[in-house]
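Comments concern the structure below.
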Amino acid sequence: MVWSIGLLAVLIGLDQALKYWTVTHLALGESAELIPGFLQLTRLHNYGAAWSSLSGKVVVLLVVTGVLMVAVAWLLIKKIVRHPLGVTAGLFLLGGGLGNMIDRVLRGYVVDMLDISPLFDYPIFNLADCFVVVGAVLGAVYYLWFYDKYDKKERTHGHKDPDGHN
């Protein structure tokens, strides 16, 4: 449990630190090269969700994200998800979701800065978005290959096993 809280704090801290650096060092629309030919930091304010969907719907985004974060936290707190891969996936989802929620509550928008346009054309995103994607991928791997073996509860109430026993 301690490592879970620690990982969650690190994820949120990294996201918020990069956003803080971005807003204190770059003007809106300004870029700074980070990895030549691959990655630059470009300050952008996103008033919506992914690809600016639901732009201007801050309350809707807060409610939807809040409900999803409560659901993930419930799965972890109730130990429905116990395997380390599933727990890590949940923590990455929480870290990313909470990182962007903090922005929406404090600023009314999300700070985006990770710009891979030197490599190819793609929308600017932030570290919290990366955490959500990593969490989703890890969650899919967990569910497809580990959930049944490690965390799925067997239903015995009212069902008979192959030998005819309850």
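- By the 30° and 60° cut-offs, the orientation of the rings of Phe92 relative to Phe131 is perpendicular.
- Remark: Asp112 engages no residue in a salt bridge (charged side-chain N to carboxylate O under 4.0 Å, His left out) (not counting sequence neighbours).
- Linking ILVMFWY side-chain heavy atoms closer than 4.5 Å, directly or via other members, places Val133 and Leu98 in two distinct hydrophobic clusters.
- The side chain to side chain donor-acceptor pair (under 3.5 Å) pairs that include a residue from residues 75-99 number zero, where partners must be two or more places apart or lie in different chains.
- Residues Tyr20 and Leu106 do not share a hydrophobic cluster, clusters being chains of Ile/Leu/Val/Met/Phe/Trp/Tyr side chains in contact below 4.5 Å.
- The cluster map of Ile, Leu, Val, Met, Phe, Trp and Tyr, joined by side-chain heavy atoms under 4.5 Å apart, puts Val141 and Leu75 in the same cluster.
- Closest approach of Leu138 and Leu85 over heavy atoms only: CD2-CD1, 3.7 Å.
- Going from atom CH2 of Trp145 over to atom OH of Tyr150 covers 14.0 Å, rounded to the nearest 0.5 Å.
- The two atoms that bring Gly139 and Ala89 nearest to each other are N-CB, 3.4 Å, heavy atoms only.
- Taking hydrophobic clusters as Ile, Leu, Val, Met, Phe, Trp and Tyr residues chained together by side-chain heavy-atom distances below 4.5 Å, Leu119 does not share a cluster with Ile124.
- The side-chain heavy atoms of Tyr47 and Val110, taken from C-beta on, include no pair separated by under 4.5 Å.
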side-chain contact (heavy atoms from CB on, under 4.5 Å) between Asp148 and Tyr143, worked out: CA-CA 7 Å; Asp148 280 345; Tyr143 187 75; 5.8 Å; no
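- Here the side chains of Tyr142 and Val81 are in contact, with some heavy-atom distance below 4.5 Å.
- Residue Leu28 is not grouped with residue Val111 when hydrophobic side chains (ILVMFWY) are merged at heavy-atom distances under 4.5 angstrom, including chains of intermediate members.
- Applying the side chain to side chain donor-acceptor pair (under 3.5 Å) test to every pair with at least one member in residues 6-17, sequence neighbours left out, gives these pairs: Asp15-Lys19, Gln16-Asp103.
- Pairing each heavy atom of Gly97 with each of Met69, the nearest pair is CA-SD, 3.7 Å.
- Between Ser117 and Tyr122 there is no side-chain heavy-atom pair separated by less than 4.5 Å.
- Closest approach of Leu76 and Val87 over heavy atoms only: CD2-CA, 3.8 Å.
- Ile12 places a side-chain heavy atom less than 4.5 Å from the side chain of Ile102.
- By the side chain to side chain contact (heavy atoms under 4.5 Å, CB included) test, Leu26 pairs with Trp21, Thr22, Glu30, Ala32, Leu41, Arg43, sequence neighbours left out.
- Proximity of Leu18 to Met113: side-chain heavy atoms (C-beta onward) are separated by under 4.5 Å at one or more points.
- Separation of atoms CG (Leu34) and CD (Gln40) is listed at 9.5 Å; rounding is to 0.5 Å.
- Listed by chain and residue number, Asn100 satisfy the side-chain hydrogen bond (donor to acceptor under 3.5 Å, both in side chains) test with Asp129 (two or more places apart in sequence, or in another chain).
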Kindly list each side-chain donor-acceptor pair under 3.5 angstrom involving residues 2-10, sequence neighbours excluded, with atom names and distances?
none

